[in-house]
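Whatever order the structure lists ligands and atoms in, that order sets their numbers, starting from 1.
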Amino acid sequence: MEILVITGSPHKKGTSALLADNFISGASEAGHSVFRFDTIFHVTQPCLGCNYCRSHHHDCIQEDDMELIWDKLIAADVVALVTPLYYYGMSAQLKKVVDRFYAVEDLLQAGRKKAVLLATCADACLEAMDALVAHFKSICRYLKWDIAGQVLACGVSERKDIEASEYGKLAWDLGAAL
Ligand SMILES: Cc1cc2nc3c(=O)[nH]c(=O)nc-3n(C[C@H](O)[C@H](O)[C@H](O)COP(=O)(O)O)c2cc1C
């Protein structure tokens with residue numbers, strides 16, 4: 001399968017990066033092809049809501065690093081969204097990219113894709129992830145994507161916290177099980 005992983009943390013070696021790394025290792029070991037897009041290393045603009053895409057065959061009027069992933073996004077069998085919890089939702093870095101799905105959303109809805117959520121947060125209570133999970137489910141429902149799995153890593157403020165946890169293994173297993 002073709003897998004697109006989109007990460008939303010500003011930390012190259014942060015907690016959610018560990019989940020992404022492990023998920024990708026598991027998926028690669030299982031023979032899947034993975035393309036990783038780290039939002040923090042790319043320039044992406046927010047959606048302008050201009051609807052240019054609606055009359056221009058899914059082309060977005062903006063020229064930025066979304067051009068690196070349009071084809072990958074449309075072709076992907078699995079899209080993995082990876083984010084730290086920021087004020088009970090996904091990071092703005094990731095949300096910017098998700099909003100840009102708008103340009104190709106009818107293609108995404110037709111694709112019967114699967115989706116994965118990998119998220120980390122400092123709060124030790126799983127309830128801290130409720131709004132993020134509800135949002136993720138709504139996105140998947142709207143895009144007609146099946147949820148393939150999620151890893152919600154709570155109580156991990158820093159890298160050392162997640163390194164001492166089982167969450168990395170859960171992410172690896174999820175990638176390998178796709
Ligand atoms: C702007 C900001 C907002 C945050 N909001 C929350 C939050 O709502 N709940 C929570 O438990 N942790 C929150 N955190 C903590 C991060 O989710 C946590 O440290 C996470 O492990 C960071 O992931 P990263 O290392 O991949 O960037 C926030 C951190 C930042 C910088």
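Among S16, A122, S157, the residue whose heavy atom lies nearest to atom 19 (O) of ligand 1 is S157. Within the set D123, I40, L85, the minimum heavy-atom distance to atom 13 (C) of ligand 1 is found for L85.
Looking at D161 and R159, no side-chain N of the basic residue comes within less than 4.0 Å of a carboxylate O on the acidic one, giving no salt bridge. Salt bridge annotation for E105-R100: absent, with no cationic side-chain nitrogen under 4.0 angstrom from a carboxylate oxygen.
Annotation: cation-pi geometry satisfied between R54 and Y102 (NZ/CZ under 6.0 angstrom from ring centroid, within 45° of ring axis).
Ligand-side atoms of ligand 1 in range of V156: 18 (C), 20 (C), 21 (O), range being under 4.0 angstrom from any heavy atom. Taking every non-hydrogen atom of T120 and a distance limit under 4.0 Å, the qualifying atoms of ligand 1 come out as 17 (O), 20 (C), 21 (O), 23 (O). Counting the atoms of ligand 1 from 1 in the order shown, those under 4.0 Å from a heavy atom of S9 are 24 (P), 26 (O), 27 (O).
Protein heavy atom in closest approach to atom 5 (N) of ligand 1: Y87 N, 2.9 Å. At the shortest separation from atom 29 (C) of ligand 1 among protein heavy atoms lies Y86 CE1, 3.6 Å. When only non-hydrogen protein atoms are considered, atom 23 (O) of ligand 1 lies nearest to T15 OG1, 2.8 Å.
I3 CD1 to F35 CZ: the interatomic distance, rounded to the nearest 0.5 Å, is 13.5 Å. Distance check: C50 SG to Q62 CD gives 7.0 Å after rounding to the nearest 0.5 Å.
Backbone and side-chain nitrogen or oxygen atoms of Y88 are examined, and one is located within less than 3.5 angstrom of a nitrogen or oxygen of ligand 1. The shortest N/O to N/O separation between A128 and ligand 1 does not fall below 3.5 Å.
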Under the criterion side chain to side chain contact (heavy atoms under 4.5 Å, CB included), I'd like the reasoning laid out for K113 against D77: C-alpha separation, chi angles, the key distance, then a yes or no. CA-CA 5 Å; K113 297 181 192 303; D77 301 295; over 6 Å; no
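Checked by atom type and distance alone, the side chain of T7 never pairs as donor or acceptor with a backbone atom of S9 at under 3.5 Å.
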